[in-house]
*Asks:* 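Handing you this structure, nothing more for now.
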Amino acid sequence: MTTASAPAAAASAAKDRSQERQKAMIAGHYERMARIPESGEKAVYTFVPGNLTELLLAFDLVPVLPEINALQSGMRQRSGDFVQTAEKLGHSEDVCAYVKCDIGMAEQGNIGPTGQRIPPPDLLLLSYTGCFTFMKWFELLREQYGAPTTMLHVPYQGEGRITPAMREYVVKQLKDVVIPALERVSGRAYDEGRLSELLARSARAEDDLVWVMESARRRPSPIDAWFAAVYYVGPIFSSFRGTQDAVDYYRELREEVAARIDRGQGPMTPDGPVHDERFRLVVEGPPNWTSFRELWKMFSDEGAVVVASTYTKVGGVYDDGFRHDPSRPLETLADYCLGCYTNRSLPARIDMLSRYVQDYSADGFIVHSVKSCNSFSAGQLLMLREIERRTGRPGGFFESDLVDPRYFSAANIRNRVESYLQMLGQKRTGAAT
Ligand code: SF4
């Protein structure tokens, strides 16, 4: 059943203003990176989970996020070649595809997804280490570029909570290790007042982002909280947290979603709006980037709308109330790093997903397991069974990869998704008779 109608495809060509703004922001950031040889700005490579964007911006440093470069390359069909280049260099098939995409890109001249050059790092800032691959990735880049490396060790939330000792440990490293490294690379002194101003703007943007994501509790949901939300979280995941651009973007997005609610509309997809919300789903795991639109269409054609997802929390969990707090700048950065989804234990992830299924009145939940992400795919089947047990809603499962197109088997995945949704439909019919 096709719920995203053909005439509506034309409507998708007229993008929302917030989407145009988001695209321009991201493009501007790639231009800024490409201009670094002339501007003399300094590039700091860092990762999405636990990113310290406000702190970097307080020193006028330019954040460069290798995972974002990889996913953007995937969406633009450039990653397959990069991955195979890295394999020819000796990186095995099992290595995280993000890493191989980045290594292959560097090998081919470091031309990024927009066709512009990505600058070499002036500093490698490893501000989250919950995935061991992050460490190995920066070891490779350190070897390649000879750049200084700074590591912020973030203790794992094994017990499911942040203790004062954990916070103090992170703050001490920020003071003794990270800030001195940023002073060295930028040539500027740390200015806490400036950091606080940036953090205040982060909190404003976070308020609006949470409002948008929680709008999916409504029927019909005005947003898709996995596919479309990838665009929504883009600015806050990457280089814009703390900027006025981010505040303006999230305000505009919120107003657009509010207008959609007033009109009783469902989510917009690249093929037009979803008119008939047939299934409400929660999703664990990131989307596949190389066949992103094809995958989205498999869901939207069936009227399946994702109402909550964990991927949209890997750059920060805000829906449990956390906001960056300008009155305690370093402590709040520590809490942010410690609270990332990726820093939470399996039981905490199960709690979160079960809560989403219930709070967002989902019919079921799907796990998208990433073949080469050993850090987060491990344990997902166990999670699936436990969430089924707790919520009584059936779970679905499919596997592909992030940016390695060889692992996206469209026919298999379509089959899985359609069978799963059929089963949900039959359950519903059975319950009504
Ligand atoms: S292994 Fe997974 S979590 Fe680690 S860098 Fe790769 S995709 Fe990210």
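Below, each value reflects all heavy atoms present in this structure, side chains not excepted, and no hydrogens, waters or symmetry copies. Read the numbers this way: they start at 1 and go in the same order the structure lists the ligands and their atoms.
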*Asks:* A cation-pi test, strictly: NZ or CZ of Lys313 under 6.0 Å from the centre of the six-membered ring of Tyr341 and no more than 45 degrees from its axis. Yes or no?
*Replies:* no
*Asks:* Would you kindly say whether Trp289 and Tyr98 are connected by a side-chain donor-acceptor distance under 3.5 Å?
*Replies:*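 Result is yes, a qualifying pair exists.
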*Asks:* CZ of Arg17: more than 12 outside heavy atoms within 6.0 angstrom?
*Replies:* no
*Asks:* If the contact criterion is a heavy-atom separation under 4.0 Å, does Val99 count as touching ligand 1?
*Replies:*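 No, Val99 has no heavy atom closer than 4.0 Å to ligand 1.
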*Asks:* Would Arg21 pass as a cation-pi partner of Tyr249, given that its NZ or CZ must be under 6.0 Å from the six-membered ring centre and within 45 degrees of the axis?
*Replies:*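 No, cation not above the ring by the 6.0 Å, 45° rule.
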*Asks:* Give a yes/no verdict on a cation-pi contact between Arg241 and Tyr336, requiring under 6.0 Å between NZ or CZ and the six-membered ring centre and an angle within 45° of the axis.
*Replies:* yes
*Asks:* Output yes when a side-chain donor or acceptor of Glu284 lies under 3.5 Å from a complementary backbone atom of Ile366, and no otherwise.
*Replies:* no
*Asks:* What protein N, O or S atoms come within a distance below 2.8 Å of atom 4 (Fe) of ligand 1, ordered by chain and number?
*Replies:*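 Listed by chain and number, the nearby protein N, O or S atoms are Cys131 SG.
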*Asks:* Under 4.0 Å, heavy-atom basis, I'd like to know which part of Leu402 is in contact with ligand 1: side chain, backbone, both or neither.
*Replies:*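 Looking at Leu402 and ligand 1, just side chain atoms fall under 4.0 Å.
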*Asks:* Could you go through Asp207 and Arg254, starting from their C-alpha distance and side-chain angles, then the distance that decides it, and tell me whether this counts as salt bridge (Lys or Arg N to Asp or Glu O under 4.0 Å)?
*Replies:* CA-CA 10 Å; Asp207 273 342; Arg254 176 173 175 159; over 6 Å; no
